[in-house]
Amino acid sequence: MKFKSVTFAIPLFSGIWITPLLAVGSDAEKPLVNSFPNVIYILADDLGIGDLGCYGQRIIHTPGIDSLANNGMRFMQHYSGSTVSAPSRCVLLTGKHTGNAYIRGNKGVIHADGFPYDWPLADSEVTVAEIFKEKEYQTACIGKCGLGGPGSHGHPNNQGFDYFFGYLGQGNAHSYYPKQLFENNSPVQLDGKVYSHDLIMEKAFDFISKNASKPFFLYLTPTIPHAELIVPEGELMGYDGKFHETPYTRKSGSYGSQPKPRATFAAMVSRLDRDVKRLINLLEKKGVLHNTLIIFTSDNGTHTEGGHDPEFFDSNGPFRGYKRDLYEGGIRTPHIAYWPGVIPKASVSYHISAFWDFLPTMADLIGVNIPKGVDGISYLPTLTGKGKQKKHESLYFEFHERGGRQAIMKDGWKLIRLNVGIPEKTTFELYNYFEDPGELANVASQCPEKVKELTALMDSQRKKNTNWNFE
């Protein structure tokens with residue numbers, strides 16, 4: 001594994017709106033005022049913290065997302081729910097970290113229709129969408145869900161979402177030209193002829209247009225820039241010929257071949273950025289931008305699949321590791337919050353937060369009770385500057401592949417336990433992520449008492465679950 005330097009290039013913002021986020025045309029509709037703000041949570045797929053200009057990216061152009069940061073708040077220490085897709089999304093929606101979450105790994109099951117889907121979320125779990133329904137929000141999940149197949153308890157329609165369109169299984173989302181997607185519980189046949197990202201975005205725009213007159217929550221989960229690396233023919237967003245390319249050749253059972261993986265990855269990220277700008281323009285046209293909280297983040301760290309070269313793009317910034325690692329590069333994510341007139345422009349937060357904080361933050365925002373058993377804490381005081389911000393005593397993570405992995409973070413220390421399910425191979429690594437954010441120096445042998453202390457804390461954070469044994 002290549003160790004990285006820890007110089008983190010962070011562009012300085014003046015706080016002045018130099019490049020407008022959007023142009024307000026004469027056809028902008030009359031502003032609408034709802035009693036509660038709209039909320040749009042945009043969850044990119046495998047986007048590294050270093051893939052955005054506002055977090056130091058120098059090659060890929062992301063002016064739309066950067067402008068959200070320039071006119072909102074960048075979180076510098078925000079963590080995903082997990083280092084892979086399905087558990088990260090479960091943590092986000094239920095407010096429980098992976099020591100208590102119902103779904104803790106990418107475990108597939110074959111549904112009655114013969115297709116594989118993810119382990120379904122239980123009916124007893126309370127999601128953030130159900131929180132929003134307490135205040136009669138219109139709710140939608142558009143993109144990738146990964147919490148159960150059609151008709152299951154985990155299907156979005158059974159977890160508080162009025163409308164769903166997209167991929168039900170995270171494994172099915174590996175193809176951008178799928179045979180089918182789902183609209184609610186009904187399959188929509190596409191026969192591999194439609195670029196799914198574009199259709200997902202159109203459904204999102206349609207949902208906003210239809211519901212702009214009432215409070216809405218849109219959980220928008222595009223699959224870009226997850227492998228496979230592909231865009232519609234001829235749409236490389238100006239990156240064609242810009243890089244020396246090493247073609248990726250498909251291996252058995254893996255992602256499709258790609259002769260220009262660097263240009264294609266950059267084009268995918270810029271395509272996502274373009275569509276974020278389109279979404280903002282639509283909100284302005286509908287007159288609801290001023291009353292909408294937008295959060296942009298990614299489900300885990302950058303991937304190394306399908307020909308993507310994260311070292312070339314510095315996709316994990318100054319951090320060590322990638323998707324499937326519990327090093328910072330696998331779990332520290334970009335996190336941008338934008339709410340005109342509420343969140344200060346060009347602000348930066350060093351508050352330590354995580355996916356499981358989203359549900360209590362939204363409950364705090366709209367004034368409903370937080371369900372029992374939630375691990376998160378509200379970061380609404382950080383967003384608004386009002387009230388006292390509580391802090392986490394610790395953060396816990398677990399991962400159910402590659403022998404099993406756990407991590408606990410507390411007071412600047414991170415303890416990682418590797419090969420949890422193989423006792424004869426279990427090892428510990430200890431890092432000080434404040435002094436050593438690149439996790440270059442494993443000091444476990446030098447600090448045995450700290451290892452002992454954090455091991456006990458780590459063990460206390462995990463509730464045993466027969467579906468999720470380390471083995």
Working for side-chain contact (heavy atoms from CB on, under 4.5 Å), residues L199 and L190: CA-CA 10 Å; L199 184 54; L190 301 174; 4.0 Å; yes

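- At distances below 3.5 Å, not a single donor-acceptor pair connects side-chain atoms of R74 with backbone N or O atoms of V348.
- No side-chain donor from either of S270 and H61 sits under 3.5 Å from a side-chain acceptor of the other.
- Atom OG of residue S152 and atom CD of residue Q159 lie 8.5 Å apart, to the nearest 0.5 angstrom.
- Below 30°, between 30° and 60°, or above 60°: for Y239 and F243 the angle between ring planes is below 30°, a parallel geometry.
- At least one side-chain heavy atom of T127 sits less than 4.5 Å from a side-chain heavy atom of L121.
- Between K323 and T302, the side chains place no donor N or O within less than 3.5 Å of an acceptor N or O (distance only, hydrogens not considered).
- The nearest pair of heavy atoms linking G50 to Q57 is O-NE2, 2.7 Å.
- Using a distance-only test at 3.5 Å, with no hydrogens or angles considered, a donor-acceptor pair links the side chain of S88 to the main chain of G81.
- Here the shortest heavy-atom pairing between F161 and C141 reads CD2-N, 3.5 Å.
- Without hydrogens or angle criteria, S347 side chain to G72 main chain gives a donor-acceptor distance under 3.5 Å.
- Judged purely by distance below 3.5 Å, without hydrogens or angles, the side chains of T264 and Q258 pair a donor atom with an acceptor atom.
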Check against ring pair (Phe, Tyr, Trp, His ring centres under 6.0 Å), F319 and Y327: CA-CA 8 Å; F319 304 118; Y327 303 117; over 10 Å; no

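- The side-chain heavy atoms of E202 and R278, taken from C-beta on, include a pair separated by under 4.5 Å.
- Proximity of the aromatic rings of F75 and H351 is defined here by a centroid distance below 6.0 angstrom, and this criterion is not met.
- T98 places a side-chain N or O within donor-acceptor distance of the main-chain N or O of E398, the cut-off being under 3.5 Å.
- Between the side chains of T223 and D45, no donor-acceptor pair of N or O atoms lies under 3.5 Å.
- Between the side chain of Y55 and the backbone N or O of H335 there is at least one donor-acceptor pair closer than 3.5 Å.
- By the 4.0 Å N-to-carboxylate-O rule, K203 lies too far from D206 to be salt-bridged with it.
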side-chain contact (heavy atoms from CB on, under 4.5 Å) between L326 and I331, intermediate numbers included: CA-CA 6 Å; L326 294 181; I331 54 177; 4.1 Å; yes

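- For the residue pair Q389 / T382, a side-chain donor-acceptor distance below 3.5 Å is found, with atom types taken as modelled.
- Looking at D273 and P63, their side chains come closer than 4.5 Å, going by heavy atoms from C-beta outward.
- At distances below 3.5 Å, at least one donor-acceptor pair connects side-chain atoms of N71 with backbone N or O atoms of S67.
- Salt-bridge formation is not detected for the pair E393/K410: no Lys NZ or Arg NE/NH1/NH2 atom is positioned less than 4.0 Å from an Asp or Glu carboxylate oxygen.
- No salt bridge links E401 with K107; every basic N to acidic carboxylate O contact stays at or beyond 4.0 Å.
- Between the side chains of Y379 and S349, no donor-acceptor pair of N or O atoms lies under 3.5 Å.
- Taking the six-membered ring wherever Trp is involved, the centroid distance between the rings of H155 and Y117 does not fall below 6.0 Å.
- Residues S196 and L181 have side chains in contact (heavy-atom distance under 4.5 Å, counting atoms from C-beta outward).
- Formation of a donor-acceptor pair under 3.5 Å by the Q170 side chain with backbone atoms of N106 is not found in this model.
- Here the rule is salt bridge (Lys or Arg N to Asp or Glu O under 4.0 Å) with D325, and of K414, R332, R405 only R405 fits it.
- Side chains of H392 and D357: a donor on one and an acceptor on the other come within 3.5 Å.
- Atoms OH and OG, on Y195 and S175 in that order, are 10.0 Å from each other to the nearest 0.5 Å.
- Salt-bridge formation is not detected for the pair D375/K96: no Lys NZ or Arg NE/NH1/NH2 atom is positioned less than 4.0 Å from an Asp or Glu carboxylate oxygen.
- For the pairing with H97, the ring pair (Phe, Tyr, Trp, His ring centres under 6.0 Å) check across F397, F355, Y396 returns one residue only, Y396.
- Nearest approach of F207 to A140, heavy atoms of both residues: CE1-CB, 3.5 Å.
- For the pairing with F132, the ring pair (Phe, Tyr, Trp, His ring centres under 6.0 Å) check across F36, F358, Y137, F216 returns one residue only, Y137.
- Judged by distance alone, with hydrogens and angles left aside, the side-chain atoms of H303 form a donor-acceptor pair with the main-chain N or O of P225 at under 3.5 Å.
- Remark: the backbone N or O of E435 is paired with a side-chain donor or acceptor of N432 at under 3.5 angstrom.
- Annotation: the span from Q180 atom CD to N172 atom CG amounts to 8.0 Å, rounded to 0.5 Å.
- Between the side chains of T333 and T297, at least one donor N or O lies within less than 3.5 Å of an accepting N or O.
- Contact annotation: the side chain of W356 never approaches that of V374 to less than 4.5 Å [non-hydrogen atoms, C-beta and beyond].
- Heavy atoms only, all atoms of each residue included: R89 and C145 are closest at CD-O, 3.5 Å.
- Among all heavy-atom pairs drawn from T62 and G53, the shortest one is OG1-N, 2.9 Å.
- Nearest heavy-atom pair across E228 and Y176 is O-CE1, 3.1 Å.
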Worked check of side-chain contact (heavy atoms from CB on, under 4.5 Å) between I142 and Y219: CA-CA 6 Å; I142 300 177; Y219 175 44; over 6 Å; no

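- A salt bridge between R320 and E328 is absent, with no side-chain N of the basic residue lying under 4.0 Å from a carboxylate O of the acidic one.
- Between K133 and D162, the closest side-chain pair of non-hydrogen atoms falls below 4.5 Å.
- Counting heavy atoms from C-beta outward, L229 and H308 have side chains that approach closer than 4.5 Å.
- Within the model, atoms CZ of R262 and CD1 of I60 stand 11.5 Å from one another, a figure rounded to the nearest 0.5 Å.
- Summarising the geometry, atom CD1 belonging to I65 is positioned 10.0 Å from atom CG belonging to D275; distances are rounded to the nearest 0.5 Å.
- A donor-acceptor contact shorter than 3.5 Å links the side chain of D66 to the backbone of C54.
- Ionic pairing of D198 and R271 is present here: one or more N-O contacts between side-chain nitrogen and carboxylate oxygen are shorter than 4.0 angstrom.
- Inspection of the N300 and D46 side chains reveals an N or O donor paired with an N or O acceptor under 3.5 Å.
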Derivation of the salt bridge (charged side-chain N to carboxylate O under 4.0 Å, His left out) call for R58 and D314: CA-CA 9 Å; R58 304 299 190 189; D314 207 20; over 6 Å; no

Residue pair M73, I336: steps toward the side-chain contact (heavy atoms from CB on, under 4.5 Å) verdict: CA-CA 6 Å; M73 178 178 291; I336 300 165; over 6 Å; no

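- By the 4.5 Å heavy-atom criterion applied to side chains, V194 and Y177 are not counted as neighbours.
- With no hydrogens or angles considered, a side-chain donor-acceptor pair links E183 and Y163 at under 3.5 Å.
- Between E311 and Y322, the side chains place a donor N or O and an acceptor N or O closer than 3.5 Å (distance only, hydrogens not considered).
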